[in-house]
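All values below come from the heavy atoms of this structure, side chains included, with hydrogens, waters and symmetry mates left out.
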Amino acid sequence: PGKNVLGRGEVVEALVLPAPRANSSGCYLRFIPRYEMDIAVVGCGSVLAVDGGKITYARIGLGAVAPTPVVAEEASRWLVGQPASKESFGKAGELAKKVAKPISDMRGPAEYRTHLVGILVKRTLSLAARRIAGEKIDPLHAPATSE
């Protein structure tokens, strides 16, 4: 925390990102207690690729739940081969909670933040899957799925 791998006088010159996979989409959501306070209680970014209703690729990243951002590797691996369904997304949310090691602070107790991980993982995966299915989704205004 508070450090990077750059040496003295070094600067980041470029970021090279891979092209999106076929039939893929992603979504990022963060939970903030109110818009006046811009610091996230929990942040979650998910990317999915789906073919024939089955997940062929998944990646889940979490912020504000550990000293540095973390990837929910187990949840991401588990999703591959699963149906793109709310049940699968819910299970992935439960698995993602395992990597969350939040602190309790003015934004909320650790238990609450861990609970939010499950909800945001499920929502981001669901919204990404809906985009893949052709829906036009604005995550800020999309109706929440039932938890």
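Atoms CH2 and OG, on Trp78 and Ser88 in that order, are 4.5 Å from each other to the nearest 0.5 Å. The distance from atom CD1 of Ile137 to atom CD1 of Ile132, rounded to the nearest 0.5 Å, is 11.5 Å. Between Ile55 atom CD1 and Leu79 atom CG the span is 4.5 Å, to the nearest 0.5 Å. Taking CD from Glu111 and CG from Leu116, the interatomic distance works out to 12.0 Å, rounded to the nearest 0.5 Å.
Here the closest non-hydrogen pair linking Ala40 and Arg30 is CB-CB, 4.0 Å. Of all heavy-atom pairs between Leu29 and Cys27, the closest is CG-SG, 4.1 Å. When all heavy atoms are compared, the tightest approach of Phe89 to Val121 is O-CG1, 4.4 Å. What you find for Thr124 and Ser46 is that their closest heavy atoms are OG1-OG, 2.7 Å.
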Evaluate the salt bridge (charged side-chain N to carboxylate O under 4.0 Å, His left out) criterion for residues Arg59 and Glu73: first the C-alpha distance (whole Å), next the side-chain angles of each, then the deciding distance (0.1 Å), finally the verdict. CA-CA 7 Å; Arg59 193 85 163 151; Glu73 295 283 356; 3.3 Å; yes

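At least one side-chain heavy atom of Leu127 sits less than 4.5 Å from a side-chain heavy atom of Arg130. The shortest distance between side-chain heavy atoms of Val117 and Val99 does not fall below 4.5 Å. Contact of the Leu95 side chain with the Ile60 side chain is not registered, since no non-hydrogen atoms from C-beta on lie closer than 4.5 Å. Inter-residue side-chain proximity for Leu125 and Leu48 is flagged as met; some heavy-atom pair is nearer than 4.5 Å.
Not counting sequence neighbours, the partners of Asp105 by the salt bridge (charged side-chain N to carboxylate O under 4.0 Å, His left out) test are Arg107, Arg113. Partners of Lys97 according to the salt bridge (charged side-chain N to carboxylate O under 4.0 Å, His left out) rule, which considers only residues two or more places apart in sequence or in another chain, are Glu94. With sequence neighbours left out, Ser76 forms a side chain to side chain donor-acceptor pair (under 3.5 Å) with no residue at all. Annotation: side chain to side chain donor-acceptor pair (under 3.5 Å) contacts of Lys54 (sequence neighbours excluded): none.
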Just list the side-chain donor-acceptor pairs under 3.5 Å for residues 5-15, sequence neighbours left out, or say none.
{"from": "Glu10", "atom 1": "OE1", "to": "Gly7", "atom 2": "N", "distance (Å)": "2.4"}

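Of the possible donor and acceptor atoms, one in the side chain of Ser104 sits under 3.5 Å from a partner among the backbone N and O of Ala110.
Taken together through direct or relayed side-chain contacts under 4.5 Å among Ile, Leu, Val, Met, Phe, Trp and Tyr, Tyr112 and Ile103 form parts of separate hydrophobic clusters. Both Val41 and Leu62 are part of a single hydrophobic cluster, where members link through side-chain heavy atoms under 4.5 Å apart.
Residue pairs meeting the side chain to side chain donor-acceptor pair (under 3.5 Å) criterion with at least one partner in residues 17-27, sequence neighbours excluded, are absent.
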